[in-house]
Chemist: 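Here it is, the structure in full.
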Amino acid sequence: TIVLNNPRRRNALSLPMLRCLRQDLLHDVKSRELRVIVIAAEGPVFCSGHDLKELSTEDDVKHHSQVFELCAEVMTLIQKLPVPVIAKVNGLATAAGCQLVASCDIAVASEKSKFATPGVNIGLFCSTPAVALGRSLPRKVALEMLFTGEPLSAHEALMHGLVSKVVPEDKLEEETMKISHKICESSKSVLALGKATFYRQITQDLDTAYKMTTQVMVDNLTLRDGQEGIEAFIQKRKPVWTH
């Protein structure tokens, strides 16, 4: 579990926070023991997005580029990791914080959570958050959020596909761990192959996607755990994964 732990700054994605998040996401990533990553946060705000003090005229264009480039690197890193990443959201997620939720593979939210991209209200349109939002939400829902800055409730976010589940606040930890433990029952190597393939095929046209995934299914069968799972099913026993 990675915890965003600067509630006094509303867990803003400052350069130091982004560097720490990148470092923590990559920590032990090749370890066989690492099976799932949960991103949580301290305080009533899950993440408020960029630290606006870093985007003022006190800093130059080079610094501003560094902030947005590192943020994009972290967001894309989440989808490149070989294990599922779950956002455990208990509070407000705005701008790049909303982008962070949209970039995770799974998102579980408490009923009090809200999601918004209010950059337009301060003259900084949420163009980079729009990349993740536009790939998670129907276009018209994403654009309404981006054009108005108005928040989605947790249940609206669930209805439109920004989050996977909404639960009462006191059930958030339990539900997140339930999903995590279920993931841990599967083969890490099979999940890594499946996750990488999902994100590759989702940007392709139908014929290309089927051609690519057909080959991946064949490749999956060459994995030791691919054969172990099928043999275990036929023999009516629990598989013993090597990961």
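Side chains are part of it too, since the values below use all heavy atoms of this structure and drop only hydrogens, waters and symmetry mates.
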Chemist: Please check if the side chain of Lys188 supplies one atom and the backbone of Ser31 the other of a donor-acceptor pair under 3.5 Å.
Modeler: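 Answer holds: yes.
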
Chemist: Given 3.5 Å as the limit, does a donor-acceptor pair link the side chain of Glu54 with the main chain of His64, or not?
Modeler: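 Between the backbone of His64 and the side chain of Glu54 there is no qualifying donor-acceptor contact (under 3.5 Å).
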
Chemist: For the atom pair CG (Leu18) and CG (Asp51), what is the distance rounded to the nearest 0.5 Å?
Modeler: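 One gets 10.0 Å once the value is rounded to the nearest 0.5 Å.
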
Chemist: Leu152 and Val141: which non-hydrogen atoms are nearest, and at how many Å?
Modeler: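 Between these two residues, the closest heavy atoms are CD1-CG1, 4.4 Å.
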
Chemist: Determine yes or no for a side-chain-to-main-chain donor-acceptor pair under 3.5 angstrom, with Ser164 supplying the side chain and Ile106 the backbone.
Modeler: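 Absent.
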
Chemist: For Lys171, is the NZ atom crowded, meaning more than 12 foreign heavy atoms sit under 6.0 Å from it?
Modeler: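 Check fails, neighbour count at 12 or below.
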
Chemist: Is there a side-chain contact between Leu146 and Phe125, using heavy atoms and a 4.5 Å cut-off?
Modeler: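 With C-beta onward as the side chain, the pair touches.
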
Chemist: Can you tell me if Asn11 and Ser48 form a side-chain donor-acceptor pair at under 3.5 Å?
Modeler: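 Side chains of Asn11 and Ser48: no pair found under 3.5 Å.
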
Chemist: Measure the shortest side-chain to side-chain distance between Ile230 and Leu221 over non-hydrogen atoms and say whether it is less than 4.5 angstrom.
Modeler: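 Answer yes - side chains close enough.
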
Chemist: Evaluate whether atom CZ of Phe233 has more than 12 neighbouring non-hydrogen atoms of other residues, nucleotides or ligands under 6.0 angstrom away.
Modeler: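 No, the 6.0 Å shell around CZ holds no more than 12 heavy atoms from other groups.
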
Chemist: Do the ring planes of His50 and Phe68 sit parallel (below 30°), tilted (30 to 60°) or perpendicular (above 60°)?
Modeler: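 If you compare the ring of His50 with that of Phe68, the planes turn out perpendicular.
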
Chemist: Ignoring hydrogens, what is the shortest heavy-atom contact between Ala107 and Leu162? Give both atom names and the distance.
Modeler: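 Closest approach of Ala107 to Leu162, heavy atoms only: CB-O, 4.1 Å.
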
Chemist: Would you find a donor on one side and an acceptor on the other, under 3.5 Å apart, between the side chain of Ser113 and the backbone of Gly91?
Modeler: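 Judged by distance alone, yes, a pair lies under 3.5 Å.
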
Chemist: Any Lys/Arg nitrogen of Lys88 or Glu173 sitting under 4.0 Å from an Asp/Glu carboxylate oxygen of the other?
Modeler: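 Answer for the salt bridge query: yes.
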
Chemist: Might you confirm whether atom OH of Tyr199 has over 12 heavy atoms from other residues, nucleotides or ligands at distances under 6.0 Å?
Modeler: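 Result for OH/Tyr199: enclosed.
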
Chemist: If you define the side chain from C-beta out and look only at heavy atoms, does anything of Lys62 sit under 4.5 Å from Ser65?
Modeler: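 The answer is no, as the side chains (C-beta and beyond) never meet within the 4.5 Å cut-off.
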
Chemist: How about Lys195 and Val83: do any of their side-chain heavy atoms sit closer than 4.5 Å?
Modeler: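 SC-SC contact between Lys195 and Val83 ruled out.
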
Chemist: Determine the minimum heavy-atom distance between Glu111 and Ala154, stating which atoms define it.
Modeler: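 Where Glu111 meets Ala154 most closely, the heavy atoms are O-CB, 3.7 Å.
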
Chemist: Flag the pair Arg237 and Glu228 as a salt bridge only when some basic side-chain nitrogen lies within less than 4.0 angstrom of an acidic carboxylate oxygen.
Modeler: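 Between Glu228 and Arg237 there is a salt bridge, with a charged N closer than 4.0 Å to a carboxylate O.
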
Chemist: Going by heavy atoms in the side chains, are Leu70 and Arg22 under 4.5 Å from each other?
Modeler: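 When only atoms from C-beta onward are counted, Arg22 and Leu70 do touch, with a gap below 4.5 Å.
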
Chemist: Using the side-chain contact (heavy atoms from CB on, under 4.5 Å) rule, pick out the option among Val85, Ile37, Val38, Val89 that qualifies with Cys104.
Modeler: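 Running side-chain contact (heavy atoms from CB on, under 4.5 Å) over Val85, Ile37, Val38, Val89 with Cys104 returns exactly one hit, Val85.
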
Chemist: Could you tell me which non-hydrogen atom of Cys98 sits nearest to which non-hydrogen atom of Ala116, and how far apart they are?
Modeler: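 Closest approach of Cys98 to Ala116: CB-O, 3.6 Å.
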
Chemist: Would you say Val3 ends up clustered with Val45 if hydrophobic residues are merged whenever their side chains have heavy atoms under 4.5 Å apart, either directly or through other cluster members?
Modeler: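 No, Val45 does not connect to Val3 through the hydrophobic network.
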
Chemist: Got a second to check how far Thr128's OG1 is from Glu69's CD, nearest 0.5 Å?
Modeler: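 Going from OG1 on Thr128 over to CD on Glu69, the span is 11.5 Å.
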
Chemist: Output the distance between atom OG (Ser189) and atom CH2 (Trp241), rounded to the nearest 0.5 Å.
Modeler: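 Output value for this atom pair is 8.5 Å.
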
Chemist: Any sub-3.5 Å donor-acceptor pair from Thr76's side-chain atoms to Glu73's backbone N or O?
Modeler: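 Present.
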
Chemist: Are any of the side-chain heavy atoms of His63 and Leu15 separated by less than 4.5 Å?
Modeler: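 Result yes, sub-4.5 Å side-chain heavy-atom pair found.
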
Chemist: Rounded to the nearest 0.5 Å, how far does CD of Glu156 lie from CE of Met145?
Modeler: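 Result: 9.5 Å between the selected atoms.
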
Chemist: Membership question, hydrophobic clusters at under 4.5 Å side-chain separation (ILVMFWY): are Leu133 and Leu143 in the same one?
Modeler: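 Cluster IDs for Leu143 and Leu133 differ.
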
Chemist: Near His243 NE2, under 6.0 Å, is it more than 12 heavy atoms from other residues, nucleotides or ligands?
Modeler: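 Yes - once you tally the heavy atoms of other residues, nucleotides and ligands closer than 6.0 Å, there are more than 12.
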
Chemist: Identify the two heavy atoms, one from Leu100 and one from Met75, that lie closest to each other, and give their separation to 0.1 Å.
Modeler: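 Where Leu100 meets Met75 most closely, the heavy atoms are CA-SD, 3.7 Å.
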
Chemist: Please tell me whether Ile39 and Ile179 are part of a single hydrophobic cluster in this structure, the criterion being side-chain heavy atoms less than 4.5 Å apart.
Modeler: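 No: no chain of side-chain contacts under 4.5 Å links Ile39 to Ile179.
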
Chemist: Tell me whether His181 contacts the main-chain N or O of Thr176 through its side chain, where contact means a donor paired with an acceptor under 3.5 Å.
Modeler: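 Pair absent, no side-chain N/O of His181 close to backbone of Thr176.
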
Chemist: Shared ILVMFWY cluster between Phe46 and Leu172, side chains joined below 4.5 angstrom?
Modeler: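 Shared cluster, no.
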
Chemist: For Ala232, does its backbone N or O pair with a side-chain atom of Gln235 as donor and acceptor, under 3.5 Å?
Modeler: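 No; judged by distance alone, with no hydrogens or angles, the pair does not exist.
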
Chemist: At their closest point, which heavy atom of Val163 faces which heavy atom of Ala109, and how far apart are they?
Modeler: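 The pair with the smallest heavy-atom distance is CG1-CB, 4.3 Å.
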
Chemist: To the nearest 0.5 Å, tell me how far Tyr210 OH sits from Asp205 CG.
Modeler: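 Between Tyr210 OH and Asp205 CG, I get 12.0 Å after rounding to 0.5 Å.
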
Chemist: Inspect the surroundings of CZ in Arg10 and state if more than 12 heavy atoms from other residues, nucleotides or ligands are less than 6.0 Å away.
Modeler: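 Counting other residues, nucleotides and ligands, CZ of Arg10 stays at 12 neighbours or fewer.
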
Chemist: Can you measure from CG (Leu13) to SG (Cys71) and round to the nearest 0.5 angstrom?
Modeler: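 One gets 5.5 Å once the value is rounded to the nearest 0.5 Å.
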
Chemist: Is atom CD of Glu175 surrounded by more than 12 heavy atoms (other residues, nucleotides or ligands) closer than 6.0 Å?
Modeler: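 Yes, the 6.0 Å shell around CD holds more than 12 heavy atoms from other groups.
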
Chemist: Looking at Met217, I'd like to know if its CE atom is crowded, meaning that more than 12 non-hydrogen atoms belonging to other residues, nucleotides or ligands lie closer than 6.0 Å.
Modeler: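 Check fails, neighbour count at 12 or below.
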
Chemist: Between Leu25 and Leu191, is there a shared hydrophobic cluster once you connect ILVMFWY residues whose side-chain heavy atoms come closer than 4.5 Å?
Modeler: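 No, Leu25 and Leu191 fall in different hydrophobic clusters.
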
Chemist: Heavy-atom distance under 4.5 Å between the side chains of Gln79 and Arg135, does that happen here?
Modeler: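 The answer is no; the side chains never approach within 4.5 Å.
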
Chemist: For residues Val190 and Leu193, determine if any side-chain heavy atom of one lies less than 4.5 Å from a side-chain heavy atom of the other.
Modeler: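 Val190 vs Leu193: side chains apart.
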
